[in-house]
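What you are looking at is a predicted structure, and each value in this text was computed from that prediction instead of being measured.
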Amino acid sequence: MRYWVPFTPAEALPRLERAMETFAAALATGELGAPVPTCPGWDLRALGDHLGNVHRWARGAIVEGHPQTPEIASPSGQQDLVDWYRESAGLLLDTLRGVDPGQECWTFGPKPRTAAFWFRRQLHETTMHGQDAGLAAGGPAAALDLPVALDGVHEVAGLFFPRQVRLHRIEPLARALAVVPSDPDPAAEGLRWVLAGDGTGPACAADAPADVEVTGPADVLLDLLWHRAAPDDPRLSVTGDRGALDAVLGVALTS
């Protein structure tokens, strides 16, 4: 087994730019009132408003050093909304291009809290919502680059899940879930993540035992952990205690 090495800012930035373009294209071609299947209660317009404000919020965390950047109202017309989203994305990109990744700033990640956090976090936020927007626009979800999917799984296992326990949003897991990518690519070879306990320590080592193991393409594993794919998805293979799988997936691992 081996450990995934998270994206550096230099690796994340060009991927973030592409993800922003994917999202903007879906926003420009879809029906703004169309529901977003993967975000119940939202339509495409609400998704555009959300992501544009998230970009501005992340920029504020870097520039102002706090998470209190207020949301602003987005325009209602489709082209105006697309232009506003591109402006929001551009403000964040300009900030990321100009900042020292080692600069201290507010983040919700573990220490050290630096601007480097936002390169990677905004990549995954935008990528996930780009898939959501593609589905709302009537097409398939945008194809997910394998390294992005692998890094996304690592982010859930190493950042979001431990944070949920640390903030007392969920109890430490009593059962252990392992996820193993099956993609026929050297990038995925030998990778395995274990979600167990409080998300830290030897119980979560790549070779730690687990009550249940799920194998499948990395993008489907990522969707599973974000509750965007079901355990019975035919692309996934489950080995071990199905009750343990239901127990782990039954809690809010990410938010």
Asks: Can you find a heavy atom in the side chain of Leu93 that is under 4.5 Å from one in the side chain of His55?
Replies: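 No, side chains not in contact.
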Asks: Within a strict 4.5 Å, meaning less than it, do heavy atoms of the Leu150 and Trp193 side chains meet?
Replies: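 Yes; the side chains approach each other to less than 4.5 Å.
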Asks: Does Glu155 come within less than 4.0 Å of Arg163, counting only side-chain N to carboxylate O?
Replies: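 Arg163 and Glu155: not salt-bridged.
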Asks: For a quick test of reading the model, state the closest non-hydrogen atom pair linking Ala210 to Arg192 and the distance between them.
Replies: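 Distance-wise, the nearest heavy atoms are CB-NH2, 3.9 Å.
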Asks: State, to 0.1 Å, how close Ala26 and Ala137 come at their nearest heavy-atom pair, and which atoms those are.
Replies: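 Taking every non-hydrogen atom into account, O-CB, 4.0 Å.
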Asks: Is it the case that the side chain of Glu11 and the backbone of Thr8 share a donor-acceptor pair, with hydrogens and angles ignored and the cut-off at 3.5 Å?
Replies: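 Checked: pair present.
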Asks: Is there side-chain contact between Trp106 and Phe117, with heavy atoms separated by less than 4.5 Å?
Replies: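 Answer no - side chains too far apart.
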Asks: Do the side chains of Asp132 and Arg228 get close enough for a salt bridge, i.e. N-O under 4.0 angstrom?
Replies: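 Judged by the 4.0 Å cut-off on N to carboxylate O distance, Asp132 and Arg228 do form a salt bridge.
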Asks: So Ile62 and Arg59, do their side chains get closer than 4.5 Å, heavy atoms only?
Replies: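 No; the side chains remain at least 4.5 Å from each other.
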Asks: Answer yes or no: is there a side-chain heavy-atom contact under 4.5 Å between Thr126 and Val54?
Replies: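 Side chain of Thr126 against side chain of Val54, heavy atoms only: no contact under 4.5 Å found.
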Asks: State, yes or no, whether a side-chain contact exists between Pro181 and Pro217 at a heavy-atom distance under 4.5 Å.
Replies: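 The answer is no, as the side chains (C-beta and beyond) never meet within the 4.5 Å cut-off.
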Asks: Between Asn53 and Trp57, is any pair of side-chain heavy atoms under 4.5 Å apart?
Replies: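 Heavy-atom side-chain distance check fails, nothing below 4.5 Å.
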Asks: Is the closest side-chain heavy-atom distance between Val99 and Phe119 below 4.5 Å?
Replies: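 A side-chain contact exists here, since the closest heavy-atom pair is under 4.5 Å.
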Asks: Quick test of your reading of the model: are Arg121 and Glu125 salt-bridged, counting only N-O distances below 4.0 Å?
Replies: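 Salt bridge present between Arg121 and Glu125.
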Asks: Do Leu245 and Phe161 share a hydrophobic cluster (ILVMFWY, side-chain heavy atoms under 4.5 Å, transitive)?
Replies: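 In one cluster with Leu245: Phe161, yes.
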Asks: Which pairs count as side-chain hydrogen bond (donor to acceptor under 3.5 Å, both in side chains) when at least one residue sits in residues 244-255, sequence neighbours excluded?
Replies: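 Qualifying pairs: Arg242-Asp246.
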Asks: Using the test side-chain contact (heavy atoms from CB on, under 4.5 Å), find all partners of Tyr3 that sit at least two apart in sequence or belong to another chain.
Replies: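 So Tyr3 forms a side-chain contact (heavy atoms from CB on, under 4.5 Å) with Ala205, Ala206.
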Asks: Return the minimal non-hydrogen interatomic distance between Ala73 and Trp84, and the atom names on each side.
Replies: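 Looking at all heavy atoms of both residues, the closest pair is O-NE1, 4.4 Å.
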Asks: Which atom pairs, donor and acceptor, lie under 3.5 Å between side-chain atoms of residues 168-180 and protein residues at least two apart or in another chain?
Replies:
| residue | atom | partner | partner atom | Å |
| --- | --- | --- | --- | --- |
| Arg169 | NH1 | Gln164 | OE1 | 3.0 |
| Arg175 | NH2 | Asp241 | OD2 | 2.5 |

Asks: Looking at Arg235 and Asp233, is any side-chain nitrogen of the basic one under 4.0 Å from a carboxylate oxygen of the acidic one?
Replies: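 Salt bridge flag = yes for Arg235 with Asp233.
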Asks: Leu135 and Met128: same hydrophobic cluster, using ILVMFWY side-chain contacts below 4.5 Å?
Replies: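 No, Leu135 does not connect to Met128 through the hydrophobic network.
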Asks: Which heavy-atom pair separates Leu16 from Leu96 by the least distance, and what is that distance?
Replies: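 Scanning both residues, the minimum pair turns out to be CD2-CD1, 3.6 Å.
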Asks: Check side chain to side chain donor-acceptor pair (under 3.5 Å) between Asp80 and all other residues, then give those that pass, not counting sequence neighbours.
Replies: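 Testing Asp80 for side chain to side chain donor-acceptor pair (under 3.5 Å), a comparison that skips the adjacent residues, returns none.
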Asks: Sequence neighbours excluded, which residues qualify as side-chain contact (heavy atoms from CB on, under 4.5 Å) partners of Asp151?
Replies: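 side-chain contact (heavy atoms from CB on, under 4.5 Å) check on Asp151 returns Trp4, Pro6, Phe7, Arg120, His124.
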Asks: Working to the nearest 0.5 angstrom, can you tell me the gap between Gln103 CD and Thr114 OG1?
Replies: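 Reported value, rounded in 0.5 Å steps: 9.0 Å.
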Asks: Determine whether the side chains of Thr127 and Arg15 contain a donor N or O and an acceptor N or O closer than 3.5 Å.
Replies: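 Short answer, no.
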Asks: Any idea which heavy atoms bring Ala188 and Asp183 closest together, and the distance?
Replies: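 Looking at all heavy atoms of both residues, the shortest contact is CB-O, 3.8 Å.
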Asks: Could you walk me through whether Glu104 and Lys111 pass salt bridge (Lys or Arg N to Asp or Glu O under 4.0 Å), step by step?
Replies: CA-CA 10 Å; Glu104 291 187 1; Lys111 294 179 180 180; over 6 Å; no
Asks: Partners of Asp223 by salt bridge (Lys or Arg N to Asp or Glu O under 4.0 Å), sequence neighbours excluded?
Replies: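 Listed in chain order: nothing, the list is empty.
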Asks: Please determine if Asp94 and Arg97 form a salt bridge, counting it only when a charged side-chain N lies under 4.0 Å from a carboxylate O.
Replies: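 Yes, this pair counts.
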Asks: Is there a continuous path of hydrophobic side-chain contacts, each under 4.5 Å between heavy atoms, that joins Leu224 to Val194?
Replies: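 Not linked; separate clusters.
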Asks: Kindly assign one of parallel, tilted or perpendicular to the pair Tyr85 and Phe23, based on the angle between their ring planes and the thresholds 30° and 60°.
Replies: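 Geometry flag for Phe23 against Tyr85: tilted rings.
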Asks: Same cluster or not: are Leu92 and Val63 linked, directly or through other Ile, Leu, Val, Met, Phe, Trp or Tyr residues, by side-chain heavy atoms under 4.5 angstrom apart?
Replies: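 Shared cluster, no.
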Asks: Going only through I, L, V, M, F, W and Y residues with side-chain contacts under 4.5 Å, is there a path from Leu91 to Leu27?
Replies: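 No; tracing contacts between hydrophobic side chains, which count when under 4.5 Å, never links both residues.
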Asks: Taking all non-hydrogen atoms of both residues, which atom of Gly77 and which atom of Leu32 are closest, and how far apart?
Replies: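 Closest pair (atom of Gly77, atom of Leu32, distance): C-CD1, 4.4 Å.
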Asks: Any idea how Phe160 and Phe108 line up, ring-wise: parallel (<30°), tilted (30 to 60°), or perpendicular (>60°)?
Replies: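 Tilted.
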